[in-house]
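Just so it is clear, the values below take in all heavy atoms, side chains as well, and ignore hydrogens, waters and symmetry mates. Indexing begins at 1, ligand by ligand and atom by atom, following the structure's order.
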Amino acid sequence: MKTHKIAILGYPIKHTLSPKMHNYWLKELNINGKYEAINTPIQNLKKTTKKLYKLEYKGLNLTIPLKEEILKYLNKKDETVNTTGAANVVIFSKQGHLTGKNTDIYGFKKSLENLIKNKERRLATIIGSGGAARAVLHVLIQMKYKKIILYNRTIRNAETIKKNFLKNLSNRLKIKIICRSLKKNKNNIKQTDLLINTTPMGMKDFPNLNIDIKNLKANSVVFDLIYNPLETKLIKEAKKRGIINTNGLDMLMYQAQRSFYYWFNRTPKITNKLKKILEKEIK
Ligand code: NAP
């Protein structure tokens, strides 16, 4: 019987949770398959991708720093890739075509939906302006936030995102996007309906995000894309103040669920049991 093979490529790749999730689902769904992590420095991406295609892999996941680099080798990109300028999923076709998708958009949307149900959508604040921030901005525009502030270390990168998004928006007059330097006064954070960290600040081995949320309004929502540790300083502070919050673990599971669907045409279940397995792995 044929074994269906998938790999996640990245550098470094040691700490990825993706093999745990996908191998769990393969087993649950009785699919004869194997999902593995392959350490891939950026200069090896082309060679490794070619090799895995020849070995009849079904597809790939890409993580840091390859989500943008893979675009050079794609034959087909959908709207999610064009919007974010990044692909975290590749599907190999029998003809040797590489189709790219970005499932971070789906992952973020699914994990945000319940948190903001019935909440005001006047102002959202995004910290960071990289690939993940693009996915987040795309979803917030879809969800009709009226004003969005992008705080970034390099303000030029925030302005580039703003320019690209506004260019493609049909109803650009209805939305206001503002770019600010992360070093500047973050006074308007106190009025925000939603605060999202898309930088690696707060992640294991990184310094904490330098943001004070003590004035954040009580009915705001805090979303930290980081899931290792499960509780960053930002999440701890939100919890202390009774503010609705989430880490990035649900987003991670949803983006994986969507990736799995693209390779196998099946939607695996996200369960508490799986979440507990991943949380244990992180702790
Ligand atoms: P990226 O494209 O490299 O962007 C990183 C962003 O963080 C940029 O805005 C960068 O600012 C900022 N940044 C980096 N180091 C910083 C520092 N020392 N101080 C202040 N800002 C800093 O990365 P990404 O793909 O967007 O990923 C960002 C984070 O999201 C990572 O931690 C990743 O693990 C997480 N993520 C989670 C999920 C999930 O499923 N939960 C999915 C995707 C990403 P500059 O523009 O100034 O460089």
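Under the 4.0 Å criterion applied to side-chain N and carboxylate O atoms, E69 and K46 are not assigned as salt-bridge partners. The pair D104-R134 does not meet the salt-bridge criterion, since no charged nitrogen lies less than 4.0 angstrom from a carboxylate oxygen.
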- Message: For a side-chain hydrogen bond (donor to acceptor under 3.5 Å, both in side chains) check, start with the C-alpha distance between S18 and N61, then their side-chain angles and the critical distance, and finish with the verdict.
- Response: CA-CA 9 Å; S18 295; N61 267 147; 4.7 Å; no

- Run the side-chain hydrogen bond (donor to acceptor under 3.5 Å, both in side chains) check on T154 and N152 step by step: do they pass? CA-CA 5 Å; T154 315; N152 200 40; 4.7 Å; no

- Item | Verdict with reasoning, E36 to Y57, per side-chain hydrogen bond (donor to acceptor under 3.5 Å, both in side chains) | CA-CA 11 Å; E36 65 197 303; Y57 275 62; 2.3 Å; yes

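With sequence neighbours excluded, the residues satisfying side chain to side chain contact (heavy atoms under 4.5 Å, CB included) with P268 are W25, L29, Q257, F260.
Set against the non-hydrogen atoms of N157, the atoms of ligand 1 under 4.0 Å away are 45 (P), 46 (O). Listed by atom number, the atoms of ligand 1 under 4.0 Å from Y227 heavy atoms are 41 (N). Numbered from 1 in the order shown, with element, the atoms of ligand 1 that lie under 4.0 Å from a heavy atom of K67 read 43 (C). Interface atoms of ligand 1 facing G128, defined by a heavy-atom separation under 4.0 Å, are 9 (O).
If you look at T154 next to ligand 1, the close heavy atoms, those under 4.0 Å, come from the backbone and the side chain alike. Residue F206 does not touch ligand 1, judged by heavy-atom distances below 4.0 Å. Contact annotation for L249 and ligand 1: no heavy atom of the residue comes within less than 4.0 Å of the ligand.
Of the candidates S129, G202, P200, P207, S129 brings a heavy atom nearest to atom 9 (O) of ligand 1. Nearest to atom 15 (N) of ligand 1 by heavy-atom distance, out of R153, K204, K183, is R153.
Applying the side chain to side chain donor-acceptor pair (under 3.5 Å) test to residues at least two apart or on different chains, the pairs with a partner in residues 212-237 are D193-K217, N197-D224, D212-K214, D224-T232, E231-K239, E237-R241.
Here the heavy atom of the protein found nearest to atom 38 (C) of ligand 1 is M251 CE, 4.0 Å. Counting only heavy atoms of the protein, atom 11 (O) of ligand 1 lies nearest to N152 OD1, 3.3 Å. Residue, atom and distance of the protein heavy atom nearest to atom 19 (N) of ligand 1 are M201 SD, 3.5 Å. Protein heavy atom closest to atom 23 (O) of ligand 1, with residue, atom name and distance, is I64 CD1, 4.4 Å. Nearest protein neighbour of atom 28 (C) of ligand 1, counting heavy atoms only, is T198 O, 3.0 Å. Residue, atom and distance of the protein heavy atom nearest to atom 26 (O) of ligand 1 are A132 N, 2.8 Å.
Taking both residues in full, the closest heavy atoms of K204 and P229 are given as N-CD, 3.6 Å, listed atom of the first, atom of the second, then distance.
Taking the centre and axis of the six-membered ring of Y261, the NZ or CZ atom of R258 falls inside the cone set by 45° and 6.0 Å.
Residue A133 has no nitrogen or oxygen atom sitting less than 3.5 Å from a nitrogen or oxygen atom of ligand 1, judged on distance alone. Taking distance alone, with nitrogen or oxygen atoms compared against 3.5 Å, L225 approaches ligand 1 more closely than that limit. Ligand 1 has no nitrogen or oxygen under 3.5 angstrom from a nitrogen or oxygen of D104. Residue contacts with ligand 1: G248 is placed with a nitrogen or oxygen under 3.5 Å of a nitrogen or oxygen of the ligand (distance criterion only). Any N or O atom pair closer than 3.5 Å counts here, and M203 shares no such pair with ligand 1. The shortest N or O to N or O distance between Q255 and ligand 1 is not under 3.5 Å.
For Y254 and F108, the ring centers are positioned 6.0 Å apart or more.
Among I211, I189, I178, T198, the one residue that satisfies the side chain to side chain contact (heavy atoms under 4.5 Å, CB included) test with Y151 is I189. Of the residues L9, L60, T99, the one that meets the side chain to side chain contact (heavy atoms under 4.5 Å, CB included) test with V90 is L60.
Ligand 1 lies out of reach of G107, whose nearest heavy atom is not under 4.0 Å from it.
Within a 6.0 Å sphere centred on NZ of K58, other residues, nucleotides and ligands contribute more than 12 heavy atoms.
Distance remark: protein heavy atom not present below 4.0 angstrom from atom 3 (O) of ligand 1.
In this structure, T40 contributes its side chain and N44 its backbone to no donor-acceptor pair below 3.5 Å.
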